[in-house]
There are 2 protein chains.
Amino acid sequence: MKSADPELTGGGNRFRIIDLIRRLGPIARVEIVERTNLSPATVSAITGGLIEDGLVTASHVEGGEPSGRGRPRVMLQLQAGILHAVGVKLSLGRISVAVTDFAGRAVHSLVLPVRLDRQPAETIADLVEDGVRQCVSDAGLRLEAISGLGIGIPGVIDASAGRSHWSPVFGHAVVNFAAMIERRLSLPTQIENDANLAALAESWFGRAQDLADFAVVTAEDTIGMGLLLGGRLHRGAHGIGAEFGHVKVEVDGALCRCGQRGCLDTVASGWALSRNPELLERAGDMLGLALANLMNVLNLPRIILTGSVLTSQELVANRLEAALDRFMLPTLREATEIVRHEWGDEMWARGAASLVLRRLYGEPP
Amino acid sequence: MKSADPELTGGGNRFRIIDLIRRLGPIARVEIVERTNLSPATVSAITGGLIEDGLVTASHVEGGEPSGRGRPRVMLQLQAGILHAVGVKLSLGRISVAVTDFAGRAVHSLVLPVRLDRQPAETIADLVEDGVRQCVSDAGLRLEAISGLGIGIPGVIDASAGRSHWSPVFGHAVVNFAAMIERRLSLPTQIENDANLAALAESWFGRAQDLADFAVVTAEDTIGMGLLLGGRLHRGAHGIGAEFGHVKVEVDGALCRCGQRGCLDTVASGWALSRNPELLERAGDMLGLALANLMNVLNLPRIILTGSVLTSQELVANRLEAALDRFMLPTLREATEIVRHEWGDEMWARGAASLVLRRLYGEPP
DNA sequence: GGTGATTTGTTCACGCTCCAAAGAAACGCG
DNA sequence: CGCGTTTCTTTGGAGCGTGAACAAATCACC
């Protein structure tokens with residue numbers, strides 16, 4: 001380790017520029033200068049390097065507004081086909097896979113509709129292997145052309161170690177799923193809590209591209225929360241992420257899959273609602289109370305609601321917002337924007353792929 | 001704004017080195033090299049600059065262990081007397097003031113035992129002015145020798161704007177207290193939520209000097225929480241900090257000073273307990289439940305408990321810990337250490353002073 | 001008491017990243 | 001065809017950091 005400088009600064013601006021080019025499609029250098037506050041000299045040098053490395057191409061296609069006077073802008077865009085990543089999302093009822101290009105756009109995606117609960121981990125790994133091979137092949141690519149694999153999994157996931165500590169999919173066993181997949185596909189593999197992934201995806205190509213602090217609440221089979229704080233994914237001690245689904249909303253409530261009682265997950269998750277539909281009335285209230293309490297402390301400028309429970313059950317989402325209005329301090333509530341964002345399977349898998357892309361872009365963190 | 005580099009990198013290592021010298025008393029350059037992973041050349045250059053600027057002095061006093069072989073170490077320490085700061089803490093029942101030296105050690109401190117509730121803000125500002133003038137004079141200094149003033153206040157404080165949006169001391173009026181004090185003393189003044197200040201102080205000279213993520217819970221008159229996340233104080237949207245005291249623990253509970261019902265503050269704060277001692281039984285449970293839920297999400301490696309309610313009421317603190325054991329996910333609970341830390345008035349005021357010292361050290365954030 | 005090993009601190013030449021300023025390129029306009 | 005305009009590149013230099021060689025101050029040991 002050299003210290004702070006070479007890593008932070010060094011790759012930092014290069015990363016920012018790649019990221020800008022990805023986000024803003026074909027973009028001229030001048031615009032990069034304006035948005036980054038870097039000097040033209042620096043932008044010229046860095047983009048020159050990117051073009052030389054084959055990551056970026058320049059074209060004279062006109063982009064729009066500037067009236068036509070003066071030297072025409074040269075538009076830059078990512079050489080999207082040069083590198084590919086694969087994203088996988090595990091849910092209780094299916095496995096979603098997507099192959100993305102270097103810009104994070106899905107090239108091909110598929111869904112394996114298989115029930116995963118109570119399957120041994122090795123079997124699940126086999127299914128993932130099959131799905132990935134199939135999807136890569138359908139995309140017209142060979143496995144060697146894939147730079148890496150990102151996998152989103154609900155539960156308590158230690159991303160840095162690649163292990164699941166608890167998950168509705170794997171149960172209480174500690175499973176090094178990343179290693180199991182690497183053994184099968186010989187690709188660098190990262191796993192991450194699915195809600196964390198959603199947060200990453202929202203900041204990467206979703207509804208929070210402008211923010212460094214926000215929360216994503218996902219309510220599908222499972223309730224989850226991803227937090228971006230200071231522009232970075234919040235993982236707590238030991239790299240284990242936020243477990244919003246296991247916040248306690250009823251002392252001595254129903255028994256949860258996690259082994260405890262009264263978890264939010266037992267009253268508001270898709271899993272619970274499918275077994276006990278009359279919970280629907282209270283689900284939004286409970287979610288809202290738990291979220292309001294969290295937001296009274298964290299006071300984030302935006303909360304993004306995703307997952308089928310929140311995007312297709314109007315009642316739940318409306319009650320949730322009503323609870324926020326009621327339980328958050330008014331000063332803080334005013335400063336918090338609530339956004340509902342419906343996600344498809346492909347979006348999840350793209351989020352997982354963005355785990356890989358961050359590395360390819362040379363992220364500084 | 002130049003970009004990322006000059007600010008982040010530039011002052012960064014200088015700040016780290018000043019901070020190391022402050023923390024580890026007389027310290028040799030070699031040790032700074034070991035602890036920062038900077039090169040000897042860099043440390044030599046930066047410390048040379050500090051000595052030239054008069055912020056640091058070198059002495060040949062022996063520090064200890066190294067067996068005596070080789071060139072003897074030259075020990076560096078802060079020139080503590082060169083600059084001074086003043087810290088102030090407002091509570092409902094008193095104003096605490098401390099003058100600190102450049103190393104953050106209290107040179108002199110005093111407490112004004114006055115009740116502040118229902119006093120107009122201008123009167124409180126007058127009292128603070130008197131206290132500061134008195135304390136500075138008692139310390140044998142003149143006001144011109146003070147580099148700045150930091151003030152800790154309970155409530156919803158917008159630190160960047162210098163305003164109180166709600167506080168048990170000022171009520172619901174929006175009060176620009178920083179400006180009111182600057183007008184009286186002509187000193188650069190910052191205000192901050194008192195619990196945030198406690199967090200800053202714990203990381204600056206308390207029980208969390210080794211951590212970049214932790215929480216401080218204070219239970220005195222008021223319940224508060226300060227969060228350090230990623231080495232930085234967490235302030236939410238609009239710079240308003242964490243409001244742990246107004247988390248809802250009872251739907252339709254007692255009316256809180258903030259105007260809402262069922263706040264944690266109504267069942268566990270010193271203010272509530274003094275009026276209603278039979279709450280004592282439940283106070284720890286409620287605190288513990290609210291904290292457990294937060295920690296299930298944030299999963300921090302350490303929680304520091306401070307404030308008279310938690311440090312002098314064994315029952316409350318014990319019940320709190322029991323609730324954490326019961327309500328946190330076991331995996332996460334194991335990763336979280338609970339520390340009780342008794343604070344005096346002087347400690348609070350030193351924390352406030354450290355607001356000023358950070359600036360003097362040239363903090364990069 | 002000299003000699004060499006040991007540890008600490010400094011100097012020097014160089015690399016990396018960035019910038020300001022000047023220059024070059026590529027266009028529309030009259 | 002020159003001229004203003006806008007975009008991009010080049011040039012020279014500043015700031016911060018490093019590795020490697022060097023200088024300094026001591027102890028161990030014959």
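Sequence lines set the chain letters: A, B, ... in the order given, protein chains first and strands last, and positions in each chain run from 1.
- Distance CG (A:Leu38) to P (C:dT17): 13 Å, rounded to an integer number of Å.
- Where A:Arg71 and A:Thr47 meet DNA chain D, the nucleotide closest to each residue was compared, and A:Arg71 sits on the side nearer the 5' end.
- Nearest to the side chain of B:Pro72, among D:dC8, D:dT26, D:dT18, sits D:dT26.
- Contact check on B:Arg302 versus B:Glu337 returns a salt bridge, with a Lys/Arg side-chain nitrogen under 4.0 Å from an Asp/Glu carboxylate oxygen.
- Following rounding to the nearest Å, B:Ile46 (CD1) and D:dT18 (C1') show an atom-to-atom distance of 12 Å.
- One can place CD of B:Glu31 at 15 Å from C1' of C:dG9, the figure rounded to the nearest angstrom.
- Taking only side-chain atoms of A:Ala41, from C-beta outward, the nucleotide of C:dC18, D:dT10, D:dT18 with the closest atom is D:dT10.
- Of the side-chain N and O atoms in B:Asn13, one or more sit less than 4.0 angstrom from OP1 or OP2 of D:dG17.
- Remark: A:Glu363 does not engage A:Arg232 in a salt bridge, criterion side-chain N to carboxylate O under 4.0 Å.
- A cation-pi arrangement, defined by a distance under 6.0 Å to the six-membered ring centre and an angle within 45 degrees of its axis, is present between B:Arg22 and B:Trp204.
- Comparing A:Ser44 and B:Val43 by the nucleotide of DNA chain D that holds the closest heavy atom to each, the one mapping nearer the 5' end is A:Ser44.
- Rounded to an integer number of Å, the gap from CD1 of A:Ile32 to C1' of C:dC19 is 17 Å.
- Here the P atom of nucleotide C:dT8 and the CZ atom of B:Arg69 are 12 Å apart, to the nearest Å.
- Considering only side-chain atoms of B:Val74, the nucleotide from D:dA28, D:dG17, C:dG9 that sits closest is C:dG9.
- Between B:Ser39 and the phosphate of D:dG17, there is no side-chain N or O to OP1/OP2 separation shorter than 4.0 Å.
- Atoms CD1 (B:Ile17) and C1' (D:dC16) sit 12 Å apart, rounded to a whole Å.
- Taking atom CZ on B:Arg29 and atom P on C:dT10, their separation rounds to 4 Å, with Å as the unit.
- Remark: the backbone N or O of A:Leu55 is not paired with any side-chain donor or acceptor of A:Asp53 at under 3.5 angstrom.
- For the side chain to side chain contact (heavy atoms under 4.5 Å, CB included) with B:Thr189, the qualifying choice from B:Val356, B:Leu355, B:Ile151 is B:Ile151, the only one to do so.
- In this structure, CD1 of A:Ile27 is placed 15 Å from C1' of D:dC8, rounded to the nearest angstrom.
- Checking the phosphate oxygens (OP1, OP2) of D:dT7, a side-chain nitrogen or oxygen of A:Arg73 falls inside 4.0 Å.
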